[in-house]
Amino acid sequence: HEYERPIDAVRLDRARDECMAGIEGFYSSPLLPRIEGSDPSEWMIEDLDHAEFSQIIDINGVTVYAKTDFMFRETDSSFDIVDWKTNRQTGGQRDSASDMNRTQLGIYGYYATTVLSEPLERLRLLEVNLLEEGLVKEHPIDEENLRSFLAAVESGIGKLSALLVDSDVRRNETLGPARFPRIENGRCAACNFYRICKDETSPLRFYD
């Protein structure tokens with residue numbers, strides 16, 4: 001494990017089973033024949049054919065990074081933006097995740113129209129859940145919901161910039177430590193920023 005933490009056999013088996021289910025979902029997905037019928041020279045897999053973090057959008061003077069999973073052109077000239085998912089949600093969880101996925105794909109669509117100059121009417125936003133046999137869900141994109149996607153990003157920029165000195169994005173200096181009090185709730189062990197955390201003495205950094 002990257003963080004040298006112990007992983008019990010049950011979690012390891014579950015992770016292995018999900019990996020296998022994801023691979024099987026990819027091969028059984030109805031999207032696969034469409035990919036196979038397309039021209040590989042029109043494929044864009046993440047940004048491996050460009051520099052890292054090369055997918056950049058400027059939104060109101062703020063640099064926003066996109067990181068698409070896969071994009072390709074179909075034989076009918078449509079430009080498909082694919083986001084692979086490994087979700088197993090039900091009910092309200094599924095609806096909430098779908099809203100987030102739609103916004104995420106919508107921002108990728110904005111990138112495709114503004115940077116890659118793809119016509120809006122040719123875009124297809126495809127959410128593909130690999131743990132549900134590669135189920136494909138297409139999200140609509142037009143001028144109206146494109147504006148809603150941008151509004152979501154602008155709202156996020158506003159929330160994040162409020163944590164900067166004078167809300168100055170270009171200066172990009174965070175408010176002092178007092179603005180971010182340490183919370184003793186055990187969440188450090190699952191934090192996405194664990195690897196760069198400097199608090200080596202915290203017992204919260206390690207599982208019991």
Does one hydrophobic cluster hold both [X] and [Y], with members joined at side-chain heavy-atom distances below 4.5 Å?
X      : Y      : answer
Ile45  : Phe72  : yes
Leu131 : Leu126 : no
Leu160 : Val64  : no
Tyr27  : Val82  : yes

| request: Verify the neighbour count for atom CD of Glu36: are there more than 12 heavy atoms of other residues, nucleotides or ligands below 6.0 Å? | output: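 Yes, because the 6.0 Å sphere around CD of Glu36 holds more than 12 heavy atoms from other groups.
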| Does a sphere of radius 6.0 Å around CD in Glu133 hold more than 12 heavy atoms from other residues, nucleotides or ligands, not counting ones at 6.0 Å or beyond? | no
Nearest non-hydrogen partners of [X] and [Y], listed with the distance:
X      : Y      : result
Ile7   : Leu12  : CG2-N, 4.1 Å
Gly134 : Val128 : O-CG1, 3.6 Å
Gly61  : Arg170 : O-NH2, 3.5 Å
Leu146 : Gly106 : CD1-O, 3.9 Å

| field | Student check: side-chain heavy atoms of Leu130 and Ser29 closer than 4.5 Å | value | no
| Would a 4.5 Å heavy-atom cut-off, applied to side chains only, mark Leu163 and Arg179 as touching? | yes
To the nearest 0.5 Å, what is the distance between [atom1] ([X]) and [atom2] ([Y])?
X      : Y      : atom1 : atom2 : answer
Ile59  : Glu154 : CD1   : CD    : 7.0 Å
Phe79  : Leu125 : CZ    : CG    : 11.0 Å
Ser167 : Leu175 : OG    : CG    : 8.0 Å
Arg124 : Ile141 : CZ    : CD1   : 13.0 Å
Tyr65  : Ile57  : OH    : CD1   : 11.5 Å
Ile23  : Ser28  : CD1   : OG    : 12.0 Å

| What's the verdict on salt bridge (Lys or Arg N to Asp or Glu O under 4.0 Å) for Asp13 and Arg16, showing C-alpha distance, side-chain angles and the deciding distance? | CA-CA 5 Å; Asp13 287 346; Arg16 181 200 58 205; 3.6 Å; yes
| message | Quiz question: by atom type and distance under 3.5 Å, do the side chains of Glu18 and Thr86 form a donor-acceptor pair? | response | no
| task | Give me the one residue out of Glu118, His139, Met71 that meets side-chain contact (heavy atoms from CB on, under 4.5 Å) with Leu123. | result |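 For Leu123, the side-chain contact (heavy atoms from CB on, under 4.5 Å) check succeeds only for Glu118.
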| Glu127 and side-chain contact (heavy atoms from CB on, under 4.5 Å): which partner among Leu105, Ile81, Asp83? |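 Only one option passes, and that is Leu105.
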| task | Output, in order, the C-alpha distance, side-chain angles, deciding distance and verdict of side-chain contact (heavy atoms from CB on, under 4.5 Å) for Ile35 and Trp43. | result | CA-CA 9 Å; Ile35 296 173; Trp43 295 359; 3.7 Å; yes
| Any donor-acceptor pair under 3.5 Å linking the side chain of Tyr111 with the backbone of Ile56? | no
| message | Using only atom types and a distance under 3.5 Å, with no angle test, would you say the side chain of Asn145 pairs donor to acceptor with the backbone of Pro140? | response |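 Here the side-chain-to-backbone pair exists.
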| field | Pair Lys137-Asn101, side-chain contact (heavy atoms from CB on, under 4.5 Å): steps then yes or no | value | CA-CA 10 Å; Lys137 180 174 183 178; Asn101 297 342; over 6 Å; no
| So Phe70 and Trp84, would you call those rings parallel, tilted or perpendicular, with 30° and 60° as cut-offs? | parallel
| said: Any carboxylate oxygen within less than 4.0 angstrom of a Lys/Arg side-chain nitrogen, looking at Asp99 and Arg102? | reply: yes
| query | Where do Met100 and Gln104 land on the side-chain contact (heavy atoms from CB on, under 4.5 Å) test, with the steps shown first? | reply | CA-CA 6 Å; Met100 292 177 61; Gln104 179 185 355; over 6 Å; no
| query | Going through the distances and angles, do Leu164 and Arg171 end up as a side-chain contact (heavy atoms from CB on, under 4.5 Å)? | reply | CA-CA 8 Å; Leu164 300 176; Arg171 181 177 172 184; over 6 Å; no
